[in-house]
Novice: 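Sharing a structure, written as structure tokens. Questions coming.
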Amino acid sequence: MARKASLSGFPEWLPNERLVELHILDTLRRTFELHGFGNVETRAVETVGQLLRKGEIDKEVYGISRLQADEPATGDDPNALALHFDLTVPFARYVVENAGHLSFPFRRYQIQKVWRGERPQEGRFREFTQADIDVVGDGKLPFKYDVELALVIAEALSALPIGDFKLRVNNRKLAEGFYLGLGLADTAGVLRNIDKLEKIGADKVKTLLIDEVGATGEQADAALALAQIRTEDTSFVDQVRALGVEHELLEEGLAELGEVVGMAVRRAPGRVVADLSIARGLDYYTGTVYETVLVGDEKLGSICSGGRYESLATKGSRTFPGVGLSIGVTRLVSRMLGDGSVTASRSVPTAVYVTLANDDAWAEAQDVAAQLRSRGISAEVASSAEKFGKQIKFADKRGIPFVWFTQADGTHEVKDIRSGEQVAADPATWSPAPEDLAPRVGTTTV
């Protein structure tokens, strides 16, 4: 983070820092809506049973005692309440409860805060904002959406001032089919250990595969050889087949991953990489899996991840398969502010500061500000008639680019305090340059 938070793991931003976050959120929102994703918001609280229904989660959930019934529920009570730690599981509940009111395939984006019992460190917070997109079907969901979401995320991230990134894509069918072809029945166990590859290295993963999964040395070496394949085109298919393993599920996964990467080569060249080390630890992923890293800052971890799930949401015999990705907005903002790579051109939205020649001029100054605002120009009025030099200094300190003066004869002038240029102006017609209407966010301060 750019500053030390008063409460570890719960970030707060200064106004100029918040502008960077808002720029990211607005850019993501605009991109998602351009692709037809509608916005939803789910409640912050879920039952523990709902949150953990897809198996044990290795993240601590924050229980809520104040909202419990008169007799507080115990920690192992599935009806106990807790803050949601992601947006996917609450969204699954939302789909089930509102299925009769939704049109499928249902395209949604959701931007909300979540709470997770992390140990605070670089890139990890206890309270943070996520931005998710998902497409959910009723009974079935065409694979084309796996391809589309990769392209949407590549477009959204490309619109942000974050530098180069790689969207790393794999397919659980490919990996599981390969392991089954090797004779390893505990595919989930292999995936969990392969998922640790970047953290602990190949030698330790091999030991875990032998000790915990029961793999032979040759089987472990083959699993690691698969995980080392990375290509920016579909050449990974031949590299996998060269390993000499055969299985029907493997072929299905190869075809699906080839479709994602093949379209990415056409629409987002250099952004999407077939990386067969990507496993994703959550058990509900069943096909395509995604992780995204910033080039040169891989130690930060994944800034965007997700995948395909066939039955995260169910209602009796009815299933709602989907595919989605989640962007760690707070992780991105923290990195940008921490290294100073992105700044806002000013810390306030105000474009014009209307000065006071005397205290009796306040009402007239408000009329000027109202005229400016009616045309979309952000303006505020000085609170007291100090010397003009002090009023200008106050505007400059806050980064307000223009200062407005009303002359004794009723005429007006506006000064660009960056250049010093002062010109006659009419509050009914004057406008700043478009780039000065609102603060700008970019890789350099303007």
Novice: Given side chain to side chain contact (heavy atoms under 4.5 Å, CB included), test I377 with L437 step by step and report yes or no.
Specialist: CA-CA 6 Å; I377 303 168; L437 277 172; 3.9 Å; yes
Novice: Between R346 (side chain) and P401 (backbone), is there a donor-acceptor pair under 3.5 Å?
Specialist: no
Novice: Please verify the inter-ring angle class for F106 with Y94; under 30° counts as parallel, over 60° as perpendicular, anything in between as tilted.
Specialist: parallel
Novice: Looking at R308 and Y145, would you say the former's side chain and the latter's main chain have a donor-acceptor pair under 3.5 Å?
Specialist: no
Novice: Do S277 and E198 meet the criterion of a side-chain donor-acceptor pair at a distance under 3.5 Å?
Specialist: no
Novice: For W13 and R18, which heavy atoms make the closest approach, and how far apart are they?
Specialist: CB-N, 3.7 Å
Novice: Verify, without hydrogens or angle tests, whether R373 (side chain) and A379 (backbone) share a donor-acceptor contact under 3.5 angstrom.
Specialist: yes
Novice: Between K393 and E386, is there a side-chain N and carboxylate O pair less than 4.0 Å apart?
Specialist: no
Novice: Is R29 positioned over the aromatic face of F37, cation under 6.0 angstrom from the ring centre and no more than 45 degrees off axis?
Specialist: no
Novice: Does R43 offer a backbone N or O that forms a donor-acceptor pair with the side chain of H84 under 3.5 Å?
Specialist: yes
Novice: Salt bridge or not for E298 and R168, using N-O below 4.0 Å?
Specialist: no
Novice: Looking only at atom types and distance, does a side-chain atom of S334 sit under 3.5 Å from a main-chain N or O of R331, one as donor and one as acceptor?
Specialist: no
Novice: Kindly give the heavy-atom pair with the smallest separation between T31 and V152, and that separation in Å.
Specialist: CG2-O, 4.3 Å
Novice: Go through the steps for L294 and D164 under the test side chain to side chain contact (heavy atoms under 4.5 Å, CB included), then give the verdict.
Specialist: CA-CA 6 Å; L294 299 175; D164 195 14; over 6 Å; no
Novice: What distance do L325 atom CG and L149 atom CG have between them, rounded to the nearest 0.5 Å?
Specialist: 5.5 Å
Novice: Between T330 and T129 (side chain of the first, backbone of the second, donor and acceptor by atom type, cut-off under 3.5 Å), is there such a pair?
Specialist: yes
Novice: Run the side chain to side chain contact (heavy atoms under 4.5 Å, CB included) check on R108 and L87 step by step: do they pass?
Specialist: CA-CA 12 Å; R108 87 78 159 94; L87 300 180; 4.1 Å; yes
Novice: Please answer whether the main-chain N or O of T42 pairs with a side-chain N or O of Q112 as donor and acceptor at a distance below 3.5 Å.
Specialist: yes
Novice: Exactly one of E127, R126, R116 should register a side-chain contact (heavy atoms from CB on, under 4.5 Å) with Y62. Which one does?
Specialist: R126
Novice: Any chance the rings of Y353 and F394 have centres within less than 6.0 Å?
Specialist: yes
Novice: So, S326 versus D132: side-chain donor-acceptor pair below 3.5 Å or not?
Specialist: yes
Novice: Regarding E148 and K144, does a basic nitrogen lie under 4.0 Å from an acidic carboxylate oxygen?
Specialist: no
Novice: In plain terms, say whether R335 and D339 are close enough for a salt bridge, that is, a side-chain N and a carboxylate O under 4.0 Å apart.
Specialist: yes
Novice: Under a 3.5 Å cutoff, is there a donor and acceptor pairing between the side chains of S431 and R375?
Specialist: yes
Novice: Please report the interatomic distance CZ(F91) to CG(N98), rounded to the nearest 0.5 Å.
Specialist: 10.0 Å
Novice: Find the distance between OG1 (T355) and NZ (K390) and round it off to the nearest 0.5 Å.
Specialist: 15.0 Å
Novice: Output all residues satisfying side-chain contact (heavy atoms from CB on, under 4.5 Å) with D367, sequence neighbours left out; order by chain, then residue number.
Specialist: none
Novice: Can you confirm whether R230 is buried at CZ, in the sense that more than 12 heavy atoms of other residues, nucleotides or ligands lie under 6.0 Å from that atom?
Specialist: yes
Novice: I need the minimum non-hydrogen distance between P427 and Q371, along with the two atoms involved.
Specialist: CG-OE1, 3.3 Å
Novice: Apply the test side chain to side chain contact (heavy atoms under 4.5 Å, CB included) to residues N170 and L257: give CA-CA distance (whole Å), side-chain angles for both, the deciding distance (0.1 Å), then the verdict.
Specialist: CA-CA 6 Å; N170 196 7; L257 185 57; 4.0 Å; yes
Novice: When rounded to the nearest 0.5 angstrom, what is the spacing between NZ in K173 and OG1 in T286?
Specialist: 6.5 Å
Novice: OH of Y109 to CG of L28: how many Å apart, nearest 0.5 Å?
Specialist: 10.0 Å
Novice: Is there a side-chain hydrogen bond (donor to acceptor under 3.5 Å, both in side chains) between Y309 and D134? Walk through the geometry before answering.
Specialist: CA-CA 10 Å; Y309 44 88; D134 286 79; 2.6 Å; yes
Novice: Could you check E155 against H35 for side-chain hydrogen bond (donor to acceptor under 3.5 Å, both in side chains), going step by step and ending with a plain yes or no?
Specialist: CA-CA 10 Å; E155 180 178 328; H35 286 268; 2.9 Å; yes
Novice: Does the T350 side chain pair with the main chain of V352, one donor and one acceptor, at a distance under 3.5 Å?
Specialist: no
Novice: Between V265 and T234, is any pair of side-chain heavy atoms under 4.5 Å apart?
Specialist: no
Novice: How far does CG of L151 sit from CZ of R271, to the nearest 0.5 angstrom?
Specialist: 13.0 Å
Novice: Taking all non-hydrogen atoms of both residues into account, name the closest pair between Y290 and A150 and its distance.
Specialist: CE2-CB, 3.8 Å
Novice: For C304, is there any backbone N or O sitting under 3.5 Å from a side-chain donor or acceptor partner on T292?
Specialist: yes
Novice: Less than 4.0 angstrom from a charged side-chain N to a carboxylate O is my criterion; do K299 and D297 meet it?
Specialist: yes
Novice: Angle between ring planes, W430 versus F402, binned at 30° and 60°: parallel, tilted or perpendicular?
Specialist: perpendicular
Novice: Whether the side chain of R440 engages the backbone of A344 through a donor-acceptor N/O pair (distance < 3.5 Å, no angle test) should be reported.
Specialist: no
Novice: What closest approach, in Å, do A154 and A268 show between heavy atoms, and which atom pair accounts for it?
Specialist: CB-CB, 4.1 Å
